[in-house]
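Naming convention: chains lettered A, B, ... in sequence-line order (proteins, then strands); numbering from 1 in each chain.
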2 protein chains.
Amino acid sequence: MTDGGIDTRPSRPATLHDVAREAGVSLATASRSINGSTRKVNDEFRERVLQAAARLDYSPNVPAQAMARGTTTTVALLVADIADPYFSSIAAGVVAEADAARLIVTMTATDRDAERELEFVRALRGQRPRVMILAGSRPTADSAESALGHELRAYERAGGVVVLIGRNELGLRTVLVDNAGGAVALARALTGIGYRRFGVLTGSEGLLAEVDRLDGFRAGLEAGGGSLRDDDVVRTAFTRDGGYDGMRRLLSRGLDGIELVFAASDIMAVGALSAIRDAGLTPGADVAVAGFDDIPTARDVTPPLTTVRVPLEALGRRALRLALGNSDAAARAVATEVVLRESTPART
Amino acid sequence: MTDGGIDTRPSRPATLHDVAREAGVSLATASRSINGSTRKVNDEFRERVLQAAARLDYSPNVPAQAMARGTTTTVALLVADIADPYFSSIAAGVVAEADAARLIVTMTATDRDAERELEFVRALRGQRPRVMILAGSRPTADSAESALGHELRAYERAGGVVVLIGRNELGLRTVLVDNAGGAVALARALTGIGYRRFGVLTGSEGLLAEVDRLDGFRAGLEAGGGSLRDDDVVRTAFTRDGGYDGMRRLLSRGLDGIELVFAASDIMAVGALSAIRDAGLTPGADVAVAGFDDIPTARDVTPPLTTVRVPLEALGRRALRLALGNSDAAARAVATEVVLRESTPART
DNA sequence: TACAACTCAGGCAGCGCTTTCCCACAGGTC
DNA sequence: GACCTGTGGGAAAGCGCTGCCTGAGTTGTA
């Protein structure tokens, strides 16, 4: 870490006070020059201040500014799992939008643990973020629920704004995905290309997304003339391995006429594809598969996966816009779009 | 947003002062009770303070604490692209480790733009984070380089610590990946199962990772008796589409005896697989493909991709540990591991 | 009884910044 | 020339918290 002749002793960072002294002006003038207030500052003074700041490598102390101004420039984002493409895409959207608003994003993972989520909300509240965004659907009712609600309400009462993504509770601002509509459209598209007998892999936690997708799919089948028997609905974990296991269960029990398996998320569908292949069958040809979300991988598996595109990054952007008071972001659920690919070849 | 009978007027959040008054103790005692200092506090007093805090929904103002204490609890993380599994995995590691150290992570994306990176470093410096982590290799030399170095050095001089992931410049702390070693091992493994004639898809930006992987692969081939002609090395974008294009170039030019194409990253390899398939060939059988990184998708494509595993999350954890002064994290480059899968069937 | 030695609550001075408020001065008007 | 108005720099009061310092009260010892 040595640096030649340059002085590397840890010295305290330059303060505005230092800059003011160096420029030979008052603290107030220095402040006004650097961050530009409503007040005007003589050009020559400003120039002097700016040069002094550059000379001292001055960088305004954000916490101090926050305190003096009584407001921060922070957005807190709470997701279930950062490495999950679903959430990292949302995060990318939030960050991009925050960027445009010159806000900075702090990010934390709950690991899908309601206890941790509560704990983090509590801790994050202390940061006095302007906005708190919670992504990731959770079971509709649980013990930590009321505590979470209490915490979030206290935060809002103190002037914060919270936005929920993909869940609708507690009377808070929400960005919803049109899961039901997408599932309806998917079912109709599939019946439209000749499928009649279906199976479903869905989660077992009662998440909002799970329920809406299954209900929507059912409704769409009804409209399109497809059929789904209750015991062809397999409940399993909402993960790749869950999809694999669920599909295996279906296969070992005997497909019994099922032509297409709808997995309630793409990662489950990916697991299902592997299970089909491991059983010696060819996905698409022997049994078709469709998913939901359109994660990037969906294009890259073989056969490419039919799915419903959820504009994840847009979801993140919209959440922040909504928080910042952009009312058109408050519109109805984010639209989804059916994407037919080779995992569901047309049946003629 | 209405709330029944409860008062929802935005009121200023409770301060420690309020809590102290409510509990009938001094500010100092309230502070000591809530955050626990070296000083002891009478149990009864503490209890009273804690209850008052709960009653008022008190949440300590972190920026104010930061200022009073003269130190924050923030880690700033700068990555190229949050939605990229490579970076989101690293981020997950950083966040997990930060969590353990009760630090919170702020995250920003540079979009692979050196200008933006510089701008962000400047802005982040103002947050006075304890640690700054920059992930994502960049061309070794460019115009913004010296400015970036200046900024980072100023930050370190003021007591911060910066860690670079996957790049080694400016004499800063670094977490390095053993790209060369992994590539050597991969080449030997591939020659070991019978491959002799190779092609390579690599990036065109001169990134450290690109260079090391290619050099290592060459060295491994030499040792293992494989051959790689200079004009069988295709330089293209370090992305999925770059991989697709590069492979197509190779195919349309004629494979000319190439048995296996090594793509310098998994996403490029995924693109290459698609290109091969689109050309009517079967990846694995007609031409083998290997990648690098072992992103989750690598298992899910068909055929599953042979690659070199880079423990991305561990990389993130290690970066933070290193920053926090855990010296064993300063050890040598993070080891990588060859993972042979069906995209490179043994040639007998 | 007197005094030393502790213990621990409370007072208060900052931390680095923004933002009134005050005031000096320049320019304009009658 | 007296007065008003507008402009813009500087002094100073906080923002919410921590941590040093003071000093009151308690216990122990001679």
Legend entry - Interatomic distance, A:R21 CZ vs D:dG9 P [rounded to whole Å]: 20 Å

Inset, instruction - Return the nearest nucleotide to the side chain of B:A28; candidates are C:dT18, D:dG19, D:dG10. - result: D:dG19

Legend entry - Residue-phosphate contact under 4.0 Å: B:S26 side-chain N/O, C:dA9 OP1/OP2: no

Legend entry - Comparing A:T29 and A:P13 on DNA chain C - which has the more 5′ nearest nucleotide: A:P13

Legend entry - Check: A:R173 side chain, A:A319 main-chain N or O, donor-acceptor pair, under 3.5 Å: no

Inset, instruction - Kindly point out which of D:dG16, C:dT18, D:dG10 is positioned nearest to the side chain of A:V25? - result: D:dG10

Legend entry - B:L172 backbone acceptor or donor facing B:T174 side chain under 3.5 Å: yes

Inset, instruction - Looking at every strand, decide which applies to B:P63 at a 4.0 Å heavy-atom threshold: base, sugar-phosphate, or nothing. - result: nothing

Legend entry - Gap between atoms CZ and P, on B:R69 and C:dC15 respectively (whole Å): 17 Å

Inset, instruction - Would you indicate whether the side-chain heavy atoms of A:V41 and A:T29 approach each other to under 4.5 Å? - result: yes

Legend entry - Any B:N35 side-chain N or O less than 4.0 Å from OP1/OP2 of D:dT18: yes

Legend entry - Residue whose closest nucleotide on DNA chain D lies nearer the 5' end, A:L27 versus A:V41: A:V41

Legend entry - Rounded interatomic separation in angstrom, taking CG from B:L56 and C1' from D:dG16: 15 Å

Legend entry - Nucleotide of D:dG16, C:dT19, D:dG14 approaching A:S31 most closely (side-chain heavy atoms): C:dT19

Legend entry - Approximate separation, where rounding is to 0.5 Å, of A:Y155 OH and A:R128 CZ: 9.5 Å

Legend entry - Nearest listed nucleotide, side chain of B:F45, among D:dG19, D:dA12, C:dA9: C:dA9

Inset, instruction - State whether the distance check finds a donor on one side and an acceptor on the other, under 3.5 Å, for side chain B:R32 versus base C:dG10. - result: yes

Inset, instruction - Answer yes or no: side-chain N or O of B:R12 and base N or O of D:dG16 forming a donor-acceptor pair under 3.5 Å. - result: no

